[in-house]
Trainee: 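Attaching a single structure in structure tokens format; questions to follow.
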Amino acid sequence: MTKNLVIVESPAKAKTIEGFLGNDFLVKSSYGHVMDLNKTQLGVDIENGFEPQYEVSPDKKKLIAELKKLAKDAEMVWLASDEDREGEAISFHLFKALGLKEAHTKRIVFHEITKTAITRAIENPRDIDYHLVWAQQARRVLDRLVGYELSPLLWKKVKPSLSAGRVQSVAVRLIVEREEEIKQFEVSSAFRITAVLNISIDGTQYQVNAELPERFDDRDKALAFLESCKGAAYTIQSVEKKPAKKSPAPPFTTSTLQQEASRKLGYSVANTMRIAQQLYESGKITYMRTDSVNLSDLALHMAKEVVTRQYGAQYVKTRRFATKTKGAQEAHEAIRPTYMEKQSITGSAEEKKLYDLIWKRTLASQMADAELEKTTVSILVSTNNKQLIASGEVILFDGFLKVYFEGTDDENGDESQTILPPLNAGMALMLREMTAQERFTRHPARYTEASLVKKMEELGIGRPSTYAPTISTIQKREYVVKEDRPGVVRQYQVLTLVNDQIKEKTANENTGFEKSKLFPTDIGTLVNRFLCQYFDSIIDYNFTANVEKEFDEIADGRKEWNLMIKEFYGPFHLKIENTLENAGKFSGEKLLGVDPVTGKNVFVKVGRFGPIVQLGDTESEEKPRFASLKKTQSLDTISLAEALDLFSFPRLLGEFEGSEVSVALGRFGPYVKHNNLFFSLLKTDDPVEISIERAIELIENKRNKDEQSLIKEFDAQPELKVLNGRYGPYISFNKKNFKIPKGTDPAGLTLEACMAIVDDPANAPKKKFVRKKK
DNA sequence: CAGTGAGCGAGCTTCCGCTTGACTT
């Protein structure tokens, strides 16, 4: 029996803390929230002051029972969840769910996992802060009301199973609006003049690159400039040197870690979090869901020691960073290595790389500024009095740059600073070549997962624990897709002046290539348009920031939580009712043209299952025909001819082995059908053009592949097969799949052994959770 | 999991934020 039960949020934290406290303390974890609103109903009592109907979450029932037993036996229960709104609610919910008594309960908080911090916390307990708990209730109830009233409205007006919410709908809006900006963007071009000059100083030949600050908006002006440089002398007019400084970036938060891992390692946001979780659980880094840039005294001390030892005292600079992020709650430290002296770790390759990034970033944040000298050289062109500028940069002291430099999202980052030779005013240079190259303006960059997180953080929308899930939600709902897009070839003009002769040529460049970028779908665009039209206040970029202010007022005891909700819900619910009654179907229907064969109208719109084309009017006596758009097509860009092509399916291609072969478009893309079996077309196959020969090839390829994945089959039971799948070997029987127990050799299985596995209820395929009727 | 989209009606879908495993074909 233990005297003291301490409950924290994370099991990894529990393990560490238990080491700091003596035998009198048992440390357990709540695994996050333990109570929530029921998923299947609104869960808010609108009539009675918006009282939330919290209940123990289904997956926490067992845990609560276990904690209850331990709490009963303990003399004192210490609620040690995080010191923020959500953490306070967790403590309150534990208090309720475990049936605790005030006399035997204490609330404690700490920001770092060190022995001193924990001991100090134990010595300074407090009571549950109900103002904070109410602020959380307001947050929870608001999100539920928005999500559970808007979503069903979308089901009725747009398409079933859609969703809307305070966070996800704004994320989608950002992507849709960026795409619109890109569509509106008009590309223009201008000519940029660069020069390569030579100079000999003390017998050494140097090359200097210079640029004309001004640009010419057409070819003739650029040509005129080059003409005017013919026969010119190039003299240095001035050399200006300016000292400059660079400071390191603050230690990682969740959002900056996701951004850097994306830029430098190419990890998706979800991947970064998965790897960070592994590092955290094995005790290598501190907690990875944080909005704080703060480092503990212990960490500062460790970093100082490592910097001194590895690079010397002149590289040390202890810094404390302040959070600028909107709505940051700072319940944790920044993300850092647990032990700074561990420069590398054991683990998978991706764990090593992410750890290396965290180690370098943390160490660099505690290092001296880099000192630079920036040099600007003006070169006078004698014939036209214009000035070319050469700029260079010299690092006088590298400081933190020795370890780490933050990446950039700027896609135009091609102008690198160079080192210049020792130049002085009055020196003469020889022109080797002057170039006027046509350069194009670029549209705003599409969002990557990580740059979207950055933007959301700036707007104060979402939390470290939700960035990754939100991004996966909007992709799962098919509001946006993450894709690569090939670029197109574009021509540009180049004029060159060499030996007082001007040459002109046209060259090619690839432009518009996109890698892992977020694109809005037709459905995402349509839902966004719906919400903009009827609920502009909810998807306003400032909505979250404004309600956050009110949550803060509640937390400070300056406002009553249900009053705040009432003020919001009144007008909001009225809008829901109005829209429900007065708005028609919101399908984005558009008349594309007339079918020359039938003379019927061709429409495109979003239907129950996604984007479709419709042949014939809905009101006409004859039922219109429908066909789904291909995944690569969009309502916005599809042509009449492409739309009409979609009605040519299913189409008979010919015969193979005495049965018909046809091609059709299905839910999962185009496929070939033969003997009731389906064969998917490759992305490179065009279903309009596909030949019977190619279709047969697809059928035979699939047969080969199936044969390779077959490990074993039995004559006595043709329904049963041992197969090799994506997750290793498994048994397929009567179209159901069964996992093979670990340690069993799949090739050595007998039919009897297989049947035993199939009959063992432990191996039965999991059924989908069937919800009870209300 | 594969040719769906009339209209009706039943029954379903849905939020954000805090945490980990269990599990997939």
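Proteins get letters first, then strands, A, B, ... in listed order; numbering begins at 1 in each. All values derive from a computational prediction rather than experimental measurement.
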Trainee: Is A:Arg477 positioned over the aromatic face of A:Tyr479, cation under 6.0 angstrom from the ring centre and no more than 45 degrees off axis?
Mentor: no
Trainee: Write down the distance separating the P atoms in B:dA2 and B:dT25, rounded off to the nearest Å.
Mentor: 15 Å
Trainee: Just checking A:Ile612: base, sugar-phosphate only, or nothing, at a heavy-atom cut-off of under 4.0 Å?
Mentor: base
Trainee: Any salt bridge linking A:Arg85 with A:Glu548? Criterion: basic side-chain nitrogen under 4.0 Å from a carboxylate oxygen.
Mentor: yes
Trainee: Which listed nucleotide (B:dT20, B:dT14, B:dT4) is nearest to the side chain of A:Ser628?
Mentor: B:dT4
Trainee: Within the structure shown, what part of the strands sits under 4.0 Å from A:Phe647 by heavy-atom distance: base, sugar-phosphate, or nothing?
Mentor: nothing
Trainee: Looking across every strand, which nucleic acid part, if any, lies under 4.0 Å from A:Pro11 by heavy atom: base, sugar-phosphate, or nothing?
Mentor: sugar-phosphate
Trainee: NA contact type, A:Gly462, heavy-atom cut-off 4.0 Å: base, sugar-phosphate, or nothing?
Mentor: sugar-phosphate
Trainee: Check the side chains of A:Glu333 and A:Thr286 for a donor-acceptor pair under 3.5 angstrom, ignoring hydrogens and angles.
Mentor: no
Trainee: Would you kindly compare A:Phe626 and A:Pro152 by the position of their nearest DNA chain B nucleotide and give the one closer to the 5′ end?
Mentor: A:Phe626
Trainee: If I take atom NZ in residue A:Lys15 and atom P in nucleotide B:dG21, what distance separates them, rounded to the nearest angstrom?
Mentor: 10 Å
Trainee: So what does A:Gly43 hit on the nucleic acid, given a heavy-atom distance under 4.0 Å: a base, only sugar-phosphate, or nothing?
Mentor: nothing
Trainee: Check every strand shown and say whether A:Gly32 touches a base, only sugar-phosphate, or nothing at a heavy-atom separation below 4.0 Å.
Mentor: base
Trainee: Counting just side-chain N and O atoms, does A:Arg651 come under 4.0 Å of either OP1 or OP2 of B:dG3?
Mentor: no
Trainee: Give a yes/no answer on whether the side chain of A:Thr470 brings an N or O atom under 4.0 Å of OP1 or OP2 in B:dC16.
Mentor: no
Trainee: Between A:Arg289 and A:Tyr280, is NZ or CZ placed under 6.0 angstrom from the six-membered ring centre and within 45° of the ring axis?
Mentor: no
Trainee: To the nearest Å, give me how far apart NZ (A:Lys605) and C1' (B:dT4) are.
Mentor: 14 Å
Trainee: What is the distance, to the nearest angstrom, from the CZ atom on A:Phe609 to the C1' atom on B:dT4?
Mentor: 5 Å
Trainee: May I have the distance from A:Lys62 (atom NZ) to B:dA22 (atom P), rounded to whole angstrom?
Mentor: 10 Å
Trainee: Using a 4.5 Å cut-off on heavy atoms from C-beta on, say whether the side chain of A:Leu459 contacts that of A:Thr544.
Mentor: no
Trainee: Within the structure shown, what part of the strands sits under 4.0 Å from A:Tyr467 by heavy-atom distance: base, sugar-phosphate, or nothing?
Mentor: nothing
Trainee: Can you tell me if A:Arg85 touches the phosphate of B:dC16, counting only side-chain N or O atoms and a distance under 4.0 Å to OP1 or OP2?
Mentor: no
Trainee: Tell me whether A:Glu66 is salt-bridged to A:Lys28, with the criterion being a basic N under 4.0 Å from an acidic carboxylate O.
Mentor: yes
Trainee: Of A:Pro469 and A:Leu37, whose closest DNA chain B nucleotide lies nearer the 5' terminus?
Mentor: A:Leu37
Trainee: So what does A:Leu162 touch, heavy atoms closer than 4.0 Å: a base, only the sugar-phosphate, or nothing?
Mentor: sugar-phosphate
Trainee: Roughly, in whole Å, what's the span from CH2 in A:Trp155 to C1' in B:dC15?
Mentor: 10 Å
Trainee: Grab the OH-P distance between A:Tyr148 and B:dC16 for me, whole Å please.
Mentor: 10 Å
Trainee: Taking the side chain as everything from C-beta on, heavy atoms only, tell me whether A:Lys600 gets closer than 4.5 Å to A:Asp617.
Mentor: no
Trainee: Scan A:Ala164 against the nucleic acid and name what it touches under 4.0 Å (heavy atoms): base, sugar-phosphate only, or nothing.
Mentor: sugar-phosphate
Trainee: Can you tell me, in whole Å, how much space there is between the P of B:dG21 and that of B:dC1?
Mentor: 29 Å
Trainee: Test your reading of the model: is there a side-chain donor-acceptor pair from A:Asp686 to the backbone of A:Val688, 3.5 Å cut-off?
Mentor: yes
Trainee: Check whether any side-chain heavy atom of A:Val34 sits under 4.5 Å from a side-chain heavy atom of A:Val56, and report yes or no.
Mentor: no
Trainee: Choose from B:dC18, B:dA6, B:dT20 the nucleotide whose nearest atom is closest to any side-chain atom of A:Lys623.
Mentor: B:dA6
Trainee: Can you figure out which of B:dA2, B:dC15, B:dT19 approaches the side chain of A:Arg144 most closely?
Mentor: B:dC15
Trainee: Nearest to the A:Arg463 side chain among B:dG3, B:dG5, B:dG17, which nucleotide is it?
Mentor: B:dG17
Trainee: Would you say a side-chain N or O of A:Arg289 is under 4.0 Å from OP1 or OP2 of B:dC18?
Mentor: no
Trainee: Contact class for A:Gln168 (heavy atom, under 4.0 Å): base, sugar-phosphate, or nothing?
Mentor: sugar-phosphate
Trainee: Would you please confirm or rule out a distance under 4.0 Å between OP1 or OP2 of B:dG17 and any side-chain N or O of A:Arg166?
Mentor: yes
Trainee: Provide, to the nearest angstrom, the distance between the CD atom belonging to A:Glu281 and the P atom belonging to B:dT20.
Mentor: 6 Å
Trainee: Looking only at side-chain atoms of A:Phe678, point me to the closest of B:dG17, B:dA2, B:dC15.
Mentor: B:dA2
Trainee: For B:dT19, does either OP1 or OP2 sit under 4.0 Å from a side-chain N or O belonging to A:Tyr287?
Mentor: yes
Trainee: When the C1' atoms of B:dG3 and B:dC23 are considered, how many whole Å apart are they?
Mentor: 33 Å
Trainee: Can you tell me if A:Gln614 touches the phosphate of B:dG5, counting only side-chain N or O atoms and a distance under 4.0 Å to OP1 or OP2?
Mentor: no
Trainee: Look at A:Ser10 and B:dT19 and indicate whether a side-chain polar atom (N or O) is within less than 4.0 Å of OP1 or OP2.
Mentor: no
Trainee: Under 4.0 Å, heavy atoms only, any strand: does A:Ser680 hit a base, just the sugar-phosphate, or nothing?
Mentor: base
Trainee: Can you measure A:Lys39 atom NZ to B:dC18 atom C1' for me and round it to whole angstrom units?
Mentor: 16 Å
Trainee: Scan A:Val167 against the nucleic acid and name what it touches under 4.0 Å (heavy atoms): base, sugar-phosphate only, or nothing.
Mentor: sugar-phosphate
Trainee: Kindly say if A:Gln136 contacts the phosphate of B:dG17, meaning a side-chain N or O under 4.0 Å from OP1 or OP2.
Mentor: no
Trainee: Within the structure shown, what part of the strands sits under 4.0 Å from A:Arg625 by heavy-atom distance: base, sugar-phosphate, or nothing?
Mentor: nothing
Trainee: Categorize A:Thr466 for me: base, sugar-phosphate, or nothing, with a 4.0 angstrom heavy-atom threshold over every strand shown.
Mentor: base
